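These figures come from a predicted structure and were not determined experimentally.
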Amino acid sequence: MEELISAGQATINGKVAHIGDRVGAEDVVRVGKRVIHSKSGKRPPRVMLYHKPEGEIVSRDDPQGRPSVFDKLPQMQSSKWIAIGRLDYNTSGLLIFTTDGELANRLMHPRFEVEREYAVRIIGRLTPEQTELLTTGVKLEDGLAKFDYLSDEGGEGSNHWYRVILKEGKNREVRRMFEAVGLTVSRLMRVRFGPINLPPRLKRGRCLELNETEIRRLLGLVA
């Protein structure tokens with residue numbers, strides 16, 4: 001190849017190439033009239049979406065022998081699934097798994113402030129005072145917590161739905177915040193984690209693996 005480059009037979013985007021030139025995925029490389037197609041040697045990590053139902057734990061080991069979300073994932077020989085965030089036993093919705101620890105850290109670490117969005121059903125309705133507390137800060141045993149967004153989604157009877165967004169993932173945080181203002185959460189579902197929404201077609205208890213294009217788009221969004 002170096003001989004061809006030195007002889008001026010290789011071009012990059014129509015210009016004569018020189019030894020040491022760098023090319024990216026968008027560049028057109030030709031030797032004579034032939035276009036050279038190259039692929040990156042590094043394959044993207046695997047990313048799996050899972051619609052968690054209530055009644056499953058996000059752990060590989062459980063002394064009580066409860067069903068685990070990891071039982072539903074494809075088995076791998078050379079790597080393992082990393083859960084991006086957790087959902088408690090009685091919470092449903094979007095879980096993301098990956099084989100890339102760097103991607104998992106980028107989505108989970110508090111300093112990146114990645115949004116988590118939930119649909120919350122409570123018994124009763126929020127008063128204006130309770131809404132203000134939840135959006136300005138309520139005191140929990142592990143510090144202050146607040147919703148960055150809270151909207152009333154309506155409801156019937158004693159049950160009422162709200163949509164909330166926060167940028168951290170403390171244990172049982174959404175439930176504890178509502179409890180702190182005197183209300184009980186009767187159902188909780190995560191519908192979005194960062195740039196990924198829970199796909200409407202993804203049924204409870206089922207997995208959906210992202211394709212290479214979707215994974216590269218995700219990596220670009222969180223870079």
Side-chain angles (χ1 to χ4, degrees), residues 49-72 82-97 104-105 107-200 202-205:
L49 310 185
Y50 178 61
H51 188 162
K52 177 190 176 297
E54 294 92 344
E56 292 181 355
I57 61 167
V58 187
S59 174
R60 288 183 171 84
D61 301 303
D62 181 43
Q64 301 178 45
R66 293 172 294 181
S68 168
V69 296
F70 289 98
D71 297 335
K72 302 290 186 68
I82 303 167
I84 297 176
R86 292 175 175 266
L87 293 175
D88 66 41
Y89 185 71
N90 293 317
T91 299
S92 64
L94 176 64
L95 272 175
I96 307 171
F97 297 88
N105 181 67
L107 286 169
M108 284 191 294
H109 199 285
R111 76 175 182 272
F112 296 116
E113 297 189 330
V114 175
E115 291 184 344
R116 287 90 158 153
E117 184 172 349
Y118 295 84
V120 189
R121 188 181 72 187
I122 66 171
I123 301 172
R125 295 186 65 168
L126 289 171
T127 65
E129 293 77 18
Q130 290 169 323
T131 299
E132 183 176 359
L133 277 172
L134 289 170
T135 52
T136 56
V138 291
K139 189 172 182 179
L140 306 178
E141 60 267 26
D142 50 358
L144 282 175
K146 72 180 182 71
F147 294 129
D148 294 277
Y149 175 84
L150 189 159
S151 70
D152 188 329
E153 300 296 310
E156 297 179 357
S158 60
N159 292 309
H160 210 80
W161 285 94
Y162 293 88
R163 188 162 294 242
V164 302
I165 296 174
L166 68 169
K167 294 179 180 177
E168 56 188 4
K170 295 177 182 176
N171 184 42
R172 299 186 68 254
E173 187 170 14
V174 175
R175 294 181 187 274
R176 290 189 294 136
M177 289 175 67
F178 277 95
E179 289 168 2
V181 297
L183 292 164
T184 299
V185 172
S186 57
R187 190 175 178 192
L188 181 61
M189 174 184 290
R190 184 157 66 200
V191 296
R192 181 171 63 87
F193 196 114
I196 299 179
N197 291 289
L198 179 64
L202 184 57
K203 304 301 182 184
R204 291 171 59 172

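- E56 and P53 make their closest contact through OE1-CD, 3.5 Å (heavy atoms, listed as atom of the first residue, atom of the second, distance).
- Between Y50 and F70, the ring center distance fails the sub-6.0 Å criterion.
- Between L144 and K170, the shortest heavy-atom contact is O-NZ, 3.4 Å.
- Annotation for L140 and A180: closest pair CD2-CB, 4.1 Å, computed over non-hydrogen atoms.
- Salt bridge E173/R116: absent, no basic N to carboxylate O contact under 4.0 Å.
- Although no hydrogens or angles enter the test, the distance criterion places no donor-acceptor pair under 3.5 Å between the side chain of Y89 and the main chain of R66.
- Taking 4.5 Å as the limit, every side-chain heavy atom of I122 sits out of range of all side-chain heavy atoms of N159.
- With contacts defined as side-chain heavy-atom distances shorter than 4.5 Å, the pair M189/H51 qualifies.
- If you take OG1 on T91 and CZ on R172, they are separated by 8.0 Å, rounding to the nearest 0.5 Å.
- Distance check: R192 CZ to L94 CG gives 10.5 Å after rounding to the nearest 0.5 Å.
- With 3.5 Å as the limit, one finds a donor-acceptor pair spanning the side chains of S186 and R121.
- With a 4.5 Å cut-off on side-chain heavy atoms, V174 and R190 do not count as touching.
- Taking the six-membered ring where the residue is Trp, F112 and H109 present perpendicular rings, their angle passing 60° and hence far from 30°.
- Under the 4.5 Å side-chain criterion, counting only non-hydrogen atoms from C-beta, K52 is in contact with V58.
- Separation of atoms CE (M108) and CD1 (I82) is listed at 7.5 Å; rounding is to 0.5 Å.
- Between the side chains of S68 and D71, not a single donor N or O lies within less than 3.5 Å of an accepting N or O.
- When each of L166, L126, V164 is paired with L134, the side chain to side chain contact (heavy atoms under 4.5 Å, CB included) condition holds for L126 and for no other.
- Considering OG1 of T131 and CZ of F147, their distance stands at 10.5 Å, rounded to 0.5 Å.
- Atoms CG and CG, on L188 and N90 in that order, are 9.5 Å from each other to the nearest 0.5 Å.
- For L107 against P195, the heavy-atom pair with the smallest separation is CD2-CD, 4.3 Å.
- Remark: the backbone N or O of G154 is paired with a side-chain donor or acceptor of D152 at under 3.5 angstrom.
- The structure places CG of L49 at 10.0 Å from CG of L95, a figure rounded to the nearest 0.5 Å.
- The shortest distance between side-chain heavy atoms of L183 and Q130 falls below 4.5 Å.
- Closest heavy-atom contact between K146 and T135: CD-O, 3.8 Å.
- Heavy-atom contacts from other residues, nucleotides or ligands closer than 6.0 Å to CD of E132 number 12 or fewer.
- Side-chain contact between Y162 and R125: present, with at least one pair of heavy atoms (C-beta onward) separated by less than 4.5 Å.
- The shortest distance between side-chain heavy atoms of Q64 and I57 does not fall below 4.5 Å.
- Between P110 and E168, the closest side-chain pair of non-hydrogen atoms is not below 4.5 Å.
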